[in-house]
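Worksheet for the structure shown next.
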Protein chains: 2
Amino acid sequence: MLSKKTKYGLKALTFLARQESKEPIQIAQISKSENISQKFLESILLSLRKTGILGSKKGKGGGYYLIKEPTDILMTDVIRVLEGPIAMVPCVSLNFYEKCDDCPDEATCCVNKLMIQVRDATLKIFRNTTLKDLCV
Amino acid sequence: MLSKKTKYGLKALTFLARQESKEPIQIAQISKSENISQKFLESILLSLRKTGILGSKKGKGGGYYLIKEPTDILMTDVIRVLEGPIAMVPCVSLNFYEKCDDCPDEATCCVNKLMIQVRDATLKIFRNTTLKDLCV
DNA sequence: TATTAGCCTATCGGAATACTAGGATTAATT
DNA sequence: AATTAATCCTAGTATTCCGATAGGCTAATA
């Protein structure tokens, strides 16, 4: 299940990508337009800034803005920041790999093989989708 | 993230599918072979029985067994019983649809469109995978 | 210097997850 | 009939995570 954090994050990013000018947009404005709790959104945007997807400006007239062009922002990056691993099981995660403690051997694990397929299919979509594609 | 319930359930089903005879297998045996807490496994197998994927025999010499051939047991059915919705968001779920309360219009929702793609890709895999495929 | 807006940490309630306990029930064996 | 072995079933618990909130701090602008 997709977390609200990810959902809200994607909505906020899309909102920013739809702006014509590149002036900073305030949290309050995004929060109202997209029906998102302002304080919660605040923490989401903060994490997007810390990972280099968003830029921010403090003080009066401040807000958040996209650092890169929407066509250059890949879903793989966004999802990994917001949701964490794309894989459904740590033992098939490319970026967040962890061995299962109950599994003696990954090579013969039925779950492992199935989840690799799912991971690859999902990755294929996220790698081929940019923020621009979400704006349509 | 895949729940342990689903993971254990898949392992147990695969274990049963690998058996040569169709005699009932006891929970204790599966639990030991697959490193799964017996009591937890008990509740998982129970739900698989209630949804018609497994059969059981009570009393001495009892246990669980597959009702259908492994080639006739689809991942779509197993996953839906164990994990619930395959979709990552209720608003794109085929079997567990729910409207989002924060979304005014699904047609223009950026998350919706993306998650439909993911759902379809995942469904395609689960529809083309049977329990037999997991046994290899 | 006053105001605005992001920065940051801490916390909290509720829901879901991952189990666990213990008795009831059923069936085979002795 | 008694014993044993297994599932059935309800309930409960411990822990973790999620979504959200509170409140002060810092930086930038007017």
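Note that the coordinates shown come from a computational prediction; the quantities given were computed from them, not determined experimentally. To find a chain, count down the sequence lines: A is the first, B the second, and so on, and within it residues start at 1.
For the segment residues 10-31 of chain A, no residue has any heavy atom less than 4.0 angstrom from an atom of DNA chain D. Using a 4.0 Å cut-off on heavy atoms, none of the residues of residues 95-106 of chain B approach DNA chain C.
Over its full length, the helix from C:dT1-D:dA30 to C:dT30-D:dA1 turns its helical axis through 0°, comparing axes from the five pairs at each end and rounding to 10°.
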* Asked: Can you give one letter per nucleotide of nucleotides 16-30 of chain D, 5' to 3': B if a protein heavy atom sits under 4.0 Å from the base, S if only from the sugar-phosphate, - if neither?
  -> ---SBBBB--BBBS-

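Counting heavy atoms from C-beta on, the side chains of B:Arg18 and B:Pro70 never come closer than 4.5 Å. The shortest distance between side-chain heavy atoms of A:Glu106 and A:Lys99 falls below 4.5 Å.
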Ignoring hydrogens and angles, write down the donor-acceptor pairs under 3.5 Å from the side chains of residues 112-122 of chain B, residues two or more places apart or on other chains.
unit_1   : atom_1 : unit_2   : atom_2 : d
B:Lys113 : NZ     : B:Ala107 : O      : 3.4
B:Arg119 : NH1    : B:Val92  : O      : 2.8
B:Thr122 : OG1    : B:Val118 : O      : 2.8

Tell me which donor-acceptor pairs under 3.5 Å the side chains of residues 129-136 of chain B have, and how far apart each pair is, sequence neighbours excluded?
unit_1   : atom_1 : unit_2   : atom_2 : d
B:Thr129 : OG1    : B:Ile125 : O      : 2.8
B:Thr130 : OG1    : B:Lys132 : N      : 3.3
B:Thr130 : OG1    : B:Asp133 : OD2    : 3.3
B:Asp133 : OD2    : B:Thr130 : N      : 2.7

Contacts under 3.5 angstrom, residues 49-61 of chain B side chains, donor-acceptor by atom type, not counting sequence neighbours:
unit_1  : atom_1 : unit_2  : atom_2 : d
B:Thr51 : OG1    : B:Ser47 : O      : 2.8
B:Thr51 : OG1    : B:Leu48 : O      : 3.3

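Under the 4.5 Å side-chain heavy-atom criterion for grouping Ile, Leu, Val, Met, Phe, Trp and Tyr, B:Leu46 is not connected to B:Tyr65 through any hydrophobic cluster. Grouping the Ile, Leu, Val, Met, Phe, Trp and Tyr side chains by contacts below 4.5 angstrom, directly or via other members, places B:Leu16 apart from B:Leu74. The hydrophobic clustering, which links ILVMFWY residues whose side-chain heavy atoms are closer than 4.5 Å, places A:Leu2 and B:Leu123 apart. Under a hydrophobic clustering in which Ile, Leu, Val, Met, Phe, Trp and Tyr are joined whenever their side-chain heavy atoms come within less than 4.5 Å, directly or via other members, A:Ile86 and B:Ile86 fall into different clusters.
With a cutoff of under 4.0 Å to any heavy atom of chain A, the contacted region of DNA chain C is bounded 5' to 3' by C:dT4 to C:dC8.
In terms of the side chain to side chain donor-acceptor pair (under 3.5 Å) criterion, B:Gln19 has no residue partners (sequence neighbours excluded). For A:Thr6, the side chain to side chain donor-acceptor pair (under 3.5 Å) partners two or more places apart in sequence, or in a different chain, are A:Ser3, A:Glu83. Remark: A:Asp77 pairs with no residue by the side chain to side chain donor-acceptor pair (under 3.5 Å) rule, at least two apart or across chains.
The residues B:Asp102 and A:Lys7 are annotated as salt-bridged, a charged nitrogen and a carboxylate oxygen being separated by less than 4.0 angstrom.
No engagement by A:Lys7 is indicated, since no non-hydrogen atom pair under 4.0 Å with the nucleic acid exists.
Atom CG in B:Leu46 sits roughly 13 Å away from atom C1' in D:dA6 (whole-Å rounding). A straight line from NZ of B:Lys50 to P of D:dT7 spans 15 Å, rounded to a whole angstrom.
The side chain to side chain donor-acceptor pair (under 3.5 Å) contacts involving residues 22-34 of chain A comprise A:Lys22-A:Glu69, where partners must be two or more places apart or lie in separate chains.
Heavy atoms only, all atoms of each residue included: A:Ile44 and A:Gly9 are closest at CG2-CA, 3.8 Å.
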